[in-house]
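Quick notes on the structure that follows.
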Amino acid sequence: MAKTDIEFDAIVVGSGISGGWAAKELTERGLNVLLLERGKNVEHLKDYVNARKAPWEYPHRGMRTHAMEEAYPVLKRDYPLNEKNLDWWASDQDSPYTEVKRFDWFRGYQVGGRSLTWGRQSYRWSDLDFEANDRDGVAVDWPVRYSDLAPWYDHVERFAGISGSQEQLPQLPDGQFQPAMPLNCGEEMVAERLSATFGGSRRIIPGRVANLTEGLPGRVPCRYRNACWLGCPYGAYFSSQSSTLPAAVATGRLVLRPFAIVTELNYDADTKRVVGVRVQDAVTDNTTEYSAKIVFLCASTLNSTWLLMQSATDIWPDGLGSSSGELGHNLMDHHFRLGARGDLEGLDDQSYYGARPNGFYIPRYRNVGDDKREYLRGFGYQGSAGRSDWSRAVRELGIGAGFKDEMAQPGSWSIGATAFGEMLPSHENRVTIDPDRKDKWGMPVLSFDCEIGENEHLMRKDMMSDMAESLEACGVKNVKTYDAGYYPGQGIHEMGTARMGRDPSTSVLNGNNQVWDAPNVFVTDGACMTSAANQNPSLTYMALTARAADYAVGELKRGNL
Amino acid sequence: MTPSQQAASNLGLTRREIIRRALLGSGLALAASNATLLTACSSTKERAESARLTPFTDVEIAWLDEVAETILPATETPGAKDAEVGAFIALMVTDTYSPEDQVIFRSGMKSLEAECTADVGSGFAAASPAQRQGLLERLDREQWEQATEHPDDEAHYFRAIKQLSVLGYFTSELGYTQAMRYAETPGRYDPCVPYVEGELSWARHA
């Protein structure tokens, strides 16, 4: 095994949203950082090979083929399997996993991770969320409150560039926003009626989204192509490539190594510290060891937990952080894929121009204030209004010249929204190592045993019927509900399995994201989450990562790590 | 999730599911996609094997062009034949339809040809424009009524032909740039602009 001579100040595992932030914050505070990424490099702009490809240049116009479905037996379960950005989804065959119960795990194994393909919706959490476990007697209490994170939300919003509106909602705190992407005529009409009908409790606001409406250094405002997930030629949405990695590189203190699979953290029992990592080259299979004073695990929720499980097993058979009995447990996601839609009348003389990569948001209103439901927690909605396009042609009767020309014109308006609900943490929902099954690199894979429970099933009734009620109350016609079914993982918001807490006997991480059993290891991706809230989680990973990095550097300087 | 994915999600459908449902009717399509009816598949599978399937011939592609052109003819803007929709349909059926679905599609082509012969005494290629229009209007009404009145039944074969014709035409370069208006980079978002009836759609980029 090769051993490198260079000792880094910090090693960051994973280059996605959390890892990019860790690299930026640590290098900017003077640390020499090694950033390890298991997948290939993706260079900003240069490697966005399809960003300028015309839609008609894809032989199947973006749709999936048999060959793709055979190659991606997991990815094919939902929309990510497509012809346009398939290179940015991990191979299901190289990286299989075991499902005791179905879990849809959609991964991005490349520099930038899923920051390249994410949905970019960016919402703060509030104390309604951070106090929820304590208030409800569920799982364990978060060791942080909103006031701990608020300055870090400020910090990451300013740098990432989040556009949104100030709304003065206690359950969805305002932030350091660029101007919002406006609601269109249809959305504005329904927003006014909704607010009036429900006394302000149900509100349609512009989505808060990590797409620029004002320039930032090296980045141009959104050009409204809505082609984000091909990579943006303007750097107009937040990704590691457009935002955090250039900042880290600019310090001169970042070393980025792609194709570097971290297979183990090297734990030293005498000092109770991790002294470095073991890396397997994804191409050559050669192993190398790197050492550092601190390690940030940002490998994505389940891979960070996998790495802990693979480490220090001579001392703890179930891995580093397992002394609490909670490592791998409390796996969460957001449950969704249901809501309602209907037709909007009276706007046939209105349309819009440009492809907005965003929609509207309805912040949580259930179990807020005086509202009390038979389930805990709540949900928000994401949706949009617009005019139908040619794809209505199959639904509509017609053949020939007049029909063709009509279909080339915008059709009627409709509006719809999908609910995203909070999933409670449960000790029963967990991942374990499956020792009998190996991935392409000979590593044992994860096994998933996770399902939604009674609370989520009760919530789902409201998630669907509330939207129909709201739309009907706003004069929307032909309202129809839908429930496309849900399996954990489909939200692509994996959270938990190495939760933060106040007590080492019931949590894996402390309030600064340090592993209780190895305080120089910080886990700041979705693995750390103690509950799931209903808001999209990435902005909170950014804030937690920046906060932990600041704390880690302070502790290093104080000689405590 | 992008708004276009959201739209599909709002419908509760992926684009593929939309095609499958258009093709087969939702009940059968869902069962097939979940692979829960493996036992029921043997006869269909045999059919698929026996039909595995000779590639579409130039004659068949030309025939599909003519059918698609009748659905979406050249007007002031190019028609389906200009956009090579026949070749697109052949590619999509071959690459994206299951063997079972391919069999259904191929037999649908035969059915259409047989109906044409029964109606007007010749195959589709030899039928006059008015005869073609009349036949496809009748088939369109049949498929539409079946989808409307019996949405859980297997879809009428013409629905898949129409669906692929429409998809192939409007996602072609001619569809994007001549049938509709296309701005690769709109540059701005105007949330409300007056719309005068007859103005063409702005085609979506992604």
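Letters go in sequence order (proteins before strands), and every chain restarts at 1. Since this is a predicted model, take the numbers as computed values, not measurements.
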Exercise. How close do B/F88 and A/P59 get, heavy atom to heavy atom, and via which atoms?
Worked result: CE1-O, 3.8 Å

For this session: Mind running side chain to side chain contact (heavy atoms under 4.5 Å, CB included) on A/H60 and B/L91 for me, showing each step along the way?
Result: CA-CA 8 Å; A/H60 306 91; B/L91 179 78; 3.9 Å; yes

Exercise. Going by atom types alone, do A/D405 and B/T75 pair a side-chain donor with an acceptor below 3.5 Å?
Worked result: yes

For this session: With a 4.5 Å heavy-atom cut-off (strictly below), which parts of residues 348-355 of chain A touch chain B? List them by number.
Result: A/D348, A/D349, A/Q350, A/S351, A/Y352, A/Y353, A/G354, A/A355

Exercise. Can you name the closest pair of heavy atoms from A/A408 and B/M180 and give their distance?
Worked result: O-CG, 4.0 Å

For this session: Quick one: closest heavy-atom pair of A/I399 and B/T70, and the distance?
Result: CG2-O, 3.6 Å

Exercise. If you take all heavy atoms of A/A401 and B/P73, which pair is closest and at what distance?
Worked result: N-CG, 3.4 Å

Exercise. Is any side-chain heavy atom of A/P55 less than 4.5 Å from a side-chain heavy atom of B/Y182?
Worked result: yes

For this session: Let me know if A/L183 has heavy atoms under 4.5 Å from chain B in its side chain, its backbone, both or neither.
Result: backbone

Seminar exercise, completed: Expected contact set for residues 188-198 of chain B against chain A at heavy-atom separation under 4.5 Å reads B/R188, B/Y189, B/D190, B/P191, B/C192, B/V193, B/P194, B/Y195, B/G198

Exercise. If you count the non-hydrogen atoms of other residues, nucleotides and ligands that lie under 6.0 Å from OH in A/Y487, is the total more than 12?
Worked result: no

Problem set entry | B/K81: salt bridge (charged side-chain N to carboxylate O under 4.0 Å, His left out) partners, not counting sequence neighbours | B/E66

Exercise. Within 45° of the ring axis of B/F170 and under 6.0 Å from its six-membered ring centre, is that where the NZ or CZ of A/R61 lies?
Worked result: no

Problem set entry | Aromatic centroids of B/Y176 and A/W390 separated by under 6.0 Å | no

For this session: Name all residues meeting the salt bridge (charged side-chain N to carboxylate O under 4.0 Å, His left out) criterion together with B/E60; count only those two or more places apart in sequence or in a different chain, and write none if there are none.
Result: B/R106

Problem set entry | Engaged part of B/E69 at the chain A interface, taking heavy atoms whose separation is under 4.5 Å | neither

Problem set entry | Nearest non-hydrogen partners of B/E184 and A/A51, listed with the distance | OE2-O, 4.1 Å

For this session: Measure the shortest side-chain to side-chain distance between A/R223 and B/P186 over non-hydrogen atoms and say whether it is less than 4.5 angstrom.
Result: no

Exercise. Among A/G411, A/A393, A/G398, which residue forms the greatest number of heavy-atom pairs with chain B at distances under 4.5 Å?
Worked result: A/G398

For this session: Scan B/T171, B/L167, B/T96 and name whichever one has a side chain to side chain contact (heavy atoms under 4.5 Å, CB included) with A/M63.
Result: B/L167

Problem set entry | Evaluation steps, side chain to side chain contact (heavy atoms under 4.5 Å, CB included), between B/T185 and A/R52 | CA-CA 10 Å; B/T185 301; A/R52 291 292 188 186; 3.2 Å; yes

Exercise. Would you find a donor on one side and an acceptor on the other, under 3.5 Å apart, between the side chain of A/K404 and the backbone of B/T77?
Worked result: yes

Exercise. What part of A/E396 is in contact with chain B, defined as an atom under 4.5 angstrom from a non-hydrogen atom: side chain, backbone, both or neither?
Worked result: backbone

Exercise. Taking atom CZ of B/R159 and atom CZ of A/R395, what is their separation to the nearest 0.5 Å?
Worked result: 9.5 Å

Exercise. Quick one: does A/N226's side chain get under 4.5 Å of B/R204's, heavy atoms only?
Worked result: no

Seminar exercise, completed: Applying a strict 4.5 Å limit to non-hydrogen atoms, the region of A/Y58 in contact with chain B is neither

For this session: Let me know if B/A183 has heavy atoms under 4.5 Å from chain A in its side chain, its backbone, both or neither.
Result: side chain

Exercise. Which answer fits B/A74, side chain, backbone, both or neither, if we ask what part of it has an atom under 4.5 Å from a heavy atom of chain A?
Worked result: backbone

Exercise. Which heavy-atom pair separates B/T94 from A/H66 by the least distance, and what is that distance?
Worked result: O-CD2, 3.7 Å

Problem set entry | Top contributor to chain B interface from A/M407, A/K480, A/K76 [non-hydrogen pairs under 4.5 Å] | A/M407

Exercise. How about B/E76: does its CD atom have over 12 heavy atoms from other parts shown lying under 6.0 Å from it?
Worked result: no

For this session: Using non-hydrogen atoms and a 4.5 Å limit, figure out which bit of B/E173 sits close to chain A: side chain, backbone, both or neither.
Result: both

Exercise. Is the number of heavy atoms from other residues, nucleotides or ligands within 6.0 Å of CD (B/E84) greater than 12?
Worked result: no

Exercise. Is there a donor-acceptor pair closer than 3.5 Å between any side-chain N or O of B/K162 and the backbone N or O of A/V394?
Worked result: no

